[in-house]
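Every value quoted in this text rests on a predicted model; they were computed, and no experiment measured them.
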Amino acid sequence: PYRARLDRVDVLLVGVWAEDSAGVLTHHGSQTHIHVLTGGSQPIVGHVDGLRLLEGARLRVARP
């Protein structure tokens, strides 16, 4: 598996909130499943294991 740490990068996060789906849609003990997409000429796409936002970061959440 490939691992990367992305510092101070604008990304698109796509995920689901899946209450009561641990081990099915999410990891055990988690209610979210999130993927990341970076921009640029060589984008990175992958699963997000952890996330920390910088002070002043903006997070937009869309409802279906």
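- Hydrophobic clustering (ILVMFWY, side-chain heavy atoms < 4.5 Å, transitive): Val14 and Leu25 are in distinct clusters.
- Of the options Leu37, Val36, Leu12, a side-chain contact (heavy atoms from CB on, under 4.5 Å) to Pro43 is made by Leu37 and by none of the others.
- Using cut-offs of 30° and 60° on the angle between ring planes, the pair His47 and His35 is perpendicular.
- Gly29 and Ala22 make their closest contact through N-CB, 4.0 Å (heavy atoms, listed as atom of the first residue, atom of the second, distance).
- Val45 and Leu6 fall into different hydrophobic clusters, where Ile, Leu, Val, Met, Phe, Trp and Tyr residues are linked whenever their side-chain heavy atoms come under 4.5 Å apart, directly or through other members.
- Criterion: ILVMFWY side-chain heavy atoms under 4.5 Å apart, direct or through other members. Under it, Val9 and Leu59 are part of a common hydrophobic cluster.
- Side-chain contact between Leu51 and Leu13 is present, with heavy atoms from C-beta onward closer than 4.5 Å.
- Contacts classified as salt bridge (Lys or Arg N to Asp or Glu O under 4.0 Å) and involving residues 8-32 (residues at least two apart or in different chains) are not found.
- Among pairs with a residue in residues 48-62, those fulfilling salt bridge (Lys or Arg N to Asp or Glu O under 4.0 Å) read Arg3-Asp49, at least two apart in sequence or across chains.
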